[in-house]
Student: 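I have a structure I would like to understand better, so I am pasting it below and will then ask my questions one at a time.
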Amino acid sequence: MEISRYSAYSDIELDKAEGEQIEALKLRAQEPIPDPDEWLDIEMPSNAIILSTVDALLNWARRSSLWPSICFPACCAFELIAANASRFDLSRFGMEILRASPRQADVMITAGTLTWKMAPQVRRIYDQMAEPKWVIAMGACGISGGIFRSSYNVVPGYNRIVPVDIYVPGCPPRPEALIYGIRMLHNKISKAHIVSPAKKTIEKREELP
Ligand code: SF4
């Protein structure tokens, strides 16, 4: 019984018609609608097997769930925050959770100028992150110290402190640039092997006390 047939009738009659429609729907909904996809019925009897490699599976999982550690000492941080917000939405890449604990993080995005006074703390955060881990140097300051490079107290690039995987230039780089760098990191992770993981770009330095 169609509700539209009652359009000339009172509210009570409309409610009654709506109730009848819902009850009819409930009766029809006792059984689930059959799945029209027949591919499973066809594939399973022929013992179809999907082939992949452990490397591909593991790399897919790792690049799809990069969790950044919190290391935002200066103004590039606002572009990182913008990248996390709704317009750019880093959660598309499974990395919207910024971890307060380095033990739960596997990527460091160095969003800001680093001073020598802060350097031991940044190195300690990196040392405490779980393996495998990666570093994105974000912004001119992250790459080379930027406009503060000649200052006595500024580290001329995070790669003096931690091994950097990806460099994202700009002062500051826009969220699009950061996302491009993240996609480059995804590509790098895709090429890693479990047996012989990619070597880091600088030698492992002694852990800080
Ligand atoms: S690169 Fe520019 S925006 Fe980024 S921390 Fe340095 S001065 Fe600030």
Side-chain angles (χ1 to χ4, degrees), residues 62-190 198-208:
R62 282 175 175 165
R63 72 171 183 263
S64 306
S65 59
L66 289 169
W67 285 1
S69 63
I70 292 181
C71 173
F72 316 143
C75 28
C76 270
F78 294 98
E79 297 299 321
L80 176 56
I81 293 164
N84 249 310
S86 53
R87 182 170 177 195
F88 296 97
D89 193 14
L90 283 187
S91 61
R92 290 179 291 161
F93 308 116
M95 58 187 304
E96 74 276 23
I97 307 176
L98 305 176
R99 305 311 303 190
S101 165
R103 292 174 181 82
Q104 298 168 349
D106 51 9
V107 62
M108 174 184 274
I109 301 176
T110 64
T113 324
L114 181 63
T115 57
W116 284 111
K117 189 176 174 69
M118 282 295 294
Q121 284 72 25
V122 168
R123 178 68 209 203
R124 188 169 297 121
I125 290 173
Y126 177 81
D127 287 337
Q128 290 180 350
M129 284 163 60
E131 289 281 1
K133 53 193 171 187
W134 301 272
V135 178
I136 297 176
M138 179 182 180
C141 290
I143 293 172
S144 65
I147 54 174
F148 310 109
R149 180 183 171 82
S150 53
S151 177
Y152 73 96
N153 62 335
V154 169
V155 180
Y158 277 75
N159 56 3
R160 311 297 176 110
I161 305 296
V162 293
V164 173
D165 296 276
I166 302 290
Y167 295 85
V168 180
C171 179
R174 278 190 52 85
E176 293 96 330
L178 177 62
I179 289 171
Y180 185 72
I182 290 167
R183 299 296 292 158
M184 287 172 69
L185 182 60
H186 288 172
N187 290 341
K188 182 171 183 174
I189 294 171
S190 304
K199 287 192 174 59
K200 290 291 182 183
T201 49
I202 65 169
E203 78 282 3
K204 182 166 172 51
R205 298 181 184 175
E206 282 187 14
E207 300 213 350
L208 294 165

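Computation of the quantities below employed the complete heavy-atom set of this structure, encompassing side-chain atoms and omitting hydrogens, waters and symmetry-equivalent molecules. Atoms within each ligand, like the ligands themselves, are counted from 1 in listed order. Along the sequence shown, residues are numbered consecutively beginning with 1.
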Student: Heavy-atom distance under 4.5 Å between the side chains of Gln104 and Ile97, does that happen here?
Tutor: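 A side-chain contact under 4.5 Å is absent here.
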Student: Counting only N and O atoms by type, is there a donor-acceptor contact under 3.5 Å from the side chain of Arg92 to the main-chain atoms of Asp89?
Tutor: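 Looks like yes, one N/O pair under 3.5 Å.
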Student: So, are Lys188 and Asp165 salt-bridged, with charged N and O less than 4.0 Å apart?
Tutor: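 Yes, charged N to carboxylate O under 4.0 Å.
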Student: Please work out which of Pro172, Gly139, Ala140 has its closest non-hydrogen atom nearest to atom 3 (S) of ligand 1.
Tutor: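 Selected option, by shortest heavy-atom distance: Pro172.
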Student: Val155 versus Met118: any side-chain heavy-atom pair under 4.5 Å?
Tutor: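 The answer is no; the side chains never approach within 4.5 Å.
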Student: Using the rule side chain to side chain contact (heavy atoms under 4.5 Å, CB included), only one of Leu98, Leu178, Ile166 pairs with Ile109; which is it?
Tutor: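 With Ile109 as partner, Leu98, Leu178, Ile166 yield a single side chain to side chain contact (heavy atoms under 4.5 Å, CB included), made by Leu178.
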Student: Is any side-chain heavy atom of Phe72 less than 4.5 Å from a side-chain heavy atom of Met138?
Tutor: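 With C-beta onward as the side chain, the pair stays apart.
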Student: Does Cys171 bring an N, O or S atom to within less than 2.8 Å of atom 6 (Fe) of ligand 1?
Tutor: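 No - counting backbone and side chain alike, Cys171 has no N, O or S atom under 2.8 Å.
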Student: Examine all N, O or S atoms of Cys76, backbone included, and report whether one is under 2.8 Å from atom 2 (Fe) of ligand 1.
Tutor: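 So Cys76 does not bind atom 2 (Fe) of ligand 1 by this criterion.
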Student: Hey, is Gly170 one of the residues with a heavy atom under 4.0 angstrom from ligand 1?
Tutor: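 Yes; Gly170 lies near enough to ligand 1 that a heavy-atom distance drops under 4.0 Å.
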Student: Please find out if atom 8 (Fe) of ligand 1 and some N, O or S atom of Cys75 are separated by less than 2.8 Å.
Tutor: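 Given the 2.8 Å cut-off, Cys75 counts as a ligand of atom 8 (Fe) of ligand 1.
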Student: Which protein non-hydrogen atom lies closest to atom 6 (Fe) of ligand 1, naming both residue and atom, and how far is it?
Tutor: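 Atom 6 (Fe) of ligand 1 sits closest to the protein heavy atom Cys141 SG, 2.3 Å.
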Student: Would you mind listing which atoms of ligand 1 come within a distance below 4.0 Å of any non-hydrogen atom of Thr113?
Tutor: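 Contacts of ligand 1 toward Thr113, numbered from 1: 5 (S), 6 (Fe).
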